[in-house]
Amino acid sequence: MADNLPAEFDVVVVGTGLPESIIAAACARSGQRVLHVDSRNYYGGNWASFSFSGLLSWIKENQEKSENSDECEDWKKLILENEEVISLNKKDKTIEHVEAFCFGDQDSAKDVEEAGALPKLPVFGASGAEGVAQDPNKECPPLDSAVARAESCEPEKAASVDTASTVEENDTEVNCENEGSPSVSSSESALDLGKAEAAPSEVSAQEPKKIMYSQIVREGRRFNIDLVSKVPCSRADVFNSRQLTMVEKRMLMKFLTFCLDYEQHPDEFQDYKNSTFAQFLRTRKLTPSLQHFILHSIAMVSETDCSTVEGLQATRKFLQCLGRYGNTPFLFPLYGQGEIPQCFCRMCAVFGGIYCLRHSVQCLVVDKESGRCKAIIDHFGQRISANYFIVEDSYLSESVCRNVCYRQISRAVLITDQSVLKTDSEQQVSILTVPPVDLGQPAVCVIELCSSTMTCMKDTYLVHLTCPSTKTAREDLEPVVQKLFHLNTEAEKETENEELEKPRVLWAVYFNMRDSSGIDRNSYSNLPSNVYVCSGPDSALGNDCAVKQAETIFQEMFPTEEFCPPPPNPEDIIYDEDELASEESGLSNSPETKPEPSSEESSSREINRYAMFKS
């Protein structure tokens with residue numbers, strides 16, 4: 001496919017992270033010809049989700065940092081005299097300090113194979129001759145296209161597993177069969193995913209099952225582990241908290257009422273625009289407990305970095321989202337965060353976008369006279385022209401980013417044997433904000449997922465810890481992990497009752513991730529005017545930054561086009577009368593005499609129909 005790519009597009013997108021994928025979908029939806037490529041072998045970039053075996057491969061890849069050498073040596077011959085090049089990175093440098101720990105017996109999983117994996121078949125070369133069979137211990141190559149995987153499922157089964165966010169090739173068969181997959185107990189009728197699991201209240205009353213590392217390996221396909229966890233779901237029973245007195249609750253209600261329409265009362269916050277939100281709260285006659293509660297449980301913002309206006313906006317957004325989908329202001333995607341960029345990639349593909357994974361780009365070709373980018377040259381040496389180019393920040397070379405000052409995010413992912421939440425609540429996702437011990441240190445956001453979210457195997461929990469980095473991820477987050485969880489290995493004896501009550505960590509990984517959000521375009525050196533840079537994930541709880549960035553870039557490119565309009569209602573589609581008449585007459589033709597339309601005519605007809613609908 002890569003050898004036969006068209007030589008010209010309207011938009012070329014490099015990287016499949018969330019903002020790039022939203023832009024690609026919006027461009028394709030507005031009728032632009034889109035090419036979307038990524039040098040990685042999975043969708044999502046740093047927004048991706050992995051099965052357990054996929055995450056182990058990702059860890060190994062980022063610890064080794066091997067560079068791809070599969071490239072054409074003659075690509076420089078394609079550069080004309082009046083052109084210059086901006087080289088792109090061949091190696092991802094956004095992940096650092098990756099440390100993984102197993103708190104079980106790893107030897108027990110030595111010969112364990114992942115359940116549901118496809119049988120290892122003989123390898124056939126291009127000529128059809130049978131080659132050497134694959135090593136049974138070798139991981140299958142990742143899947144090129146999530147769209148192909150979804151389409152390979154039967155329609156009635158694909159509806160419940162279309163959002164499966166794993167990246168190995170052998171996921172196709174298991175996901176299509178939906179074999180023994182857990183269900184979401186709160187909405188099993190809507191999802192039709194089978195029998196519901198036992199309620200968390202029943203599980204919490206029982207002794208937690210002893211989970212071995214070999215079980216995690218065997219059930220690795222039950223995991224969908226996010227590199228960055230967003231959009232959590234938690235109960236918003238703010239006024240049921242026993243930590244607040246009745247007087248404090250009245251004070252809180254008065255403050256929240258002000259936040260809902262704070263813009264109508266500028267005199268109350270104008271003098272504090274240059275202050276932090278924490279400093280502003282101190283002027284509102286709120287108790288220390290209320291200030292703490294608003295900062296970390298409602299606004300969920302930094303105590304030191306968040307301005308007054310940003311804090312008011314975050315508080316208002318929380319309140320406006322309450323009750324929109326049940327009693328929570330948040331939503332969490334089944335199968336993990338990595339499904340969100342994949343959904344936009346599918347949308348782009350539906351509207352004609354072309355996708356290529358494992359497809360690296362050598363350089364951007366820039367016209368010296370106009371200063372605009374004219375084309376890219378890929379690793380096959382093919383020159384592809386376009387009007388606009390979207391590039392994820394990690395692909396830019398050091399020469400382009402020499403004046404950019406990046407922040408870092410500290411991340412940890414744990415697999416535990418029970419919930420950290422000691423309650424009979426039937427919540428499937430819990431969020432906990434751990435305030436900083438010392439002033440100036442960041443708060444740590446803890447998100448705990450149970451198996452009904454389709455992100456981990458039954459009887460385990462997936463825990464994400466995130467904070468802005470001050471040191472390595474392990475140094476930043478391990479103190480919180482030690483406070484909330486039991487870290488002893490199976491061989492060590494647990495003596496204290498307090499330790500027995502804590503959830504036990506079965507496996508953990510720590511890593512630092514680059515935060516390229518909020519960087520001014522002028523910080524990049526010699527960036528052509530028609531090249532737009534998308535950032536990776538930030539440390540915030542939601543995806544607001546990515547969505548806003550995608551919309552801003554799209555409107556700069558196509559100011560007269562609507563950003564991601566909804567698809568037309570089938571009832572509103574207006575069919576051409578002549579076309580309908582010809583089709584009706586064609587129905588009476590026998591199969592032998594009925595003319596077969598060409599593929600171009602068919603696709604053109606469908607696109608025209610789809611585009612004609614009532615406003």
Side-chain angles (χ1 to χ4, degrees), residues 12-25 34-51 54-55 57-59 61-62 65-68 88-96 98 142-147 165-168 224-231 333 335-349 353 355-361 376 389-397 401 404 406-409 411 413 464 466 511-517 519 531-540 543 545-547 549-550 553:
V12 170
V13 184
V14 182
T16 54
L18 181 56
E20 305 97 87
S21 299
I22 295 175
I23 294 170
V34 178
L35 172 64
H36 202 170
V37 301
D38 200 328
S39 62
R40 302 174 179 92
N41 53 21
Y42 54 86
Y43 288 90
N46 284 348
W47 307 77
S49 301
F50 295 100
S51 67
L55 184 62
S57 298
W58 179 87
I59 290 171
E61 178 184 335
N62 280 279
K65 292 291 184 184
S66 58
E67 190 163 348
N68 183 17
L88 297 185
N89 273 341
K90 310 297 186 302
K91 184 166 60 174
D92 185 5
K93 300 178 181 179
T94 61
I95 305 296
E96 297 179 316
V98 182
L143 187 64
D144 261 18
S145 171
V147 179
S165 177
T166 43
V167 296
E168 286 79 25
N224 284 290
I225 303 172
D226 298 327
L227 294 185
V228 55
S229 190
K230 302 268 191 180
V231 271
Y335 303 100
Q337 161 74 24
E339 276 308 302
I340 298 179
Q342 287 198 55
C343 285
F344 284 100
C345 289
R346 292 182 184 114
M347 177 179 172
C348 178
Y355 279 82
C356 293
L357 295 184
R358 303 189 190 91
H359 198 100
S360 60
V361 176
I376 62 167
F389 300 84
I390 313 298
V391 182
E392 200 269 315
D393 174 271
S394 67
Y395 285 93
L396 297 177
S397 63
C401 303
V404 177
Y406 292 110
R407 299 181 298 274
Q408 296 286 325
I409 303 169
R411 290 277 292 118
V413 181
H464 294 271
T466 308
F511 58 91
N512 290 89
M513 177 183 289
R514 178 191 292 177
D515 179 359
S516 55
S517 63
I519 294 175
V531 174
Y532 298 88
V533 182
C534 288
S535 62
D538 60 359
S539 60
N543 292 314
C545 180
V547 176
Q549 183 183 52
I553 291 175

Contact between [X] and [Y] at the side-chain level, heavy atoms closer than 4.5 Å - yes or no?
{"X": "Ile23", "Y": "Phe344", "answer": "no"}
{"X": "Leu396", "Y": "Val533", "answer": "yes"}
{"X": "Trp47", "Y": "Ser21", "answer": "no"}
{"X": "Tyr395", "Y": "Val361", "answer": "no"}
{"X": "Asn41", "Y": "Leu357", "answer": "no"}
{"X": "Leu227", "Y": "Leu55", "answer": "yes"}
{"X": "Gln408", "Y": "Arg514", "answer": "yes"}

Under 3.5 Å donor-acceptor, [X] side chain and [Y] backbone:
{"X": "Thr16", "Y": "Gly44", "result": "yes"}
{"X": "Asn224", "Y": "Gly336", "result": "no"}
{"X": "His36", "Y": "Gly15", "result": "yes"}

Rounded distance (nearest 0.5 Å) linking atom [atom1] of [X] with atom [atom2] of [Y]:
{"X": "Asn46", "Y": "Arg40", "atom1": "CG", "atom2": "CZ", "answer": "5.5 Å"}
{"X": "Asp538", "Y": "Gln549", "atom1": "CG", "atom2": "CD", "answer": "10.0 Å"}
{"X": "Ser360", "Y": "Leu88", "atom1": "OG", "atom2": "CG", "answer": "9.5 Å"}
{"X": "Asp92", "Y": "Ser39", "atom1": "CG", "atom2": "OG", "answer": "7.5 Å"}
{"X": "Ile390", "Y": "Ile22", "atom1": "CD1", "atom2": "CD1", "answer": "12.5 Å"}
{"X": "Arg407", "Y": "Ile519", "atom1": "CZ", "atom2": "CD1", "answer": "7.0 Å"}

According to the interplanar angle, ranging from 0 to 90°, do the rings of Tyr42 and Phe50 count as parallel (below 30°), tilted (30 to 60°) or perpendicular (above 60°)? perpendicular

Check the orientation of Phe511 and Trp58. Use parallel for under 30°, tilted for 30 to 60°, and perpendicular for over 60°. perpendicular

So if I apply the side-chain contact (heavy atoms from CB on, under 4.5 Å) rule between Ser516 and each of Ser535, Cys534, Ser394, which one comes out positive? Ser535

For Arg411 and Ser229, test the side chains for any donor-to-acceptor distance below 3.5 angstrom and give the result as yes or no. no

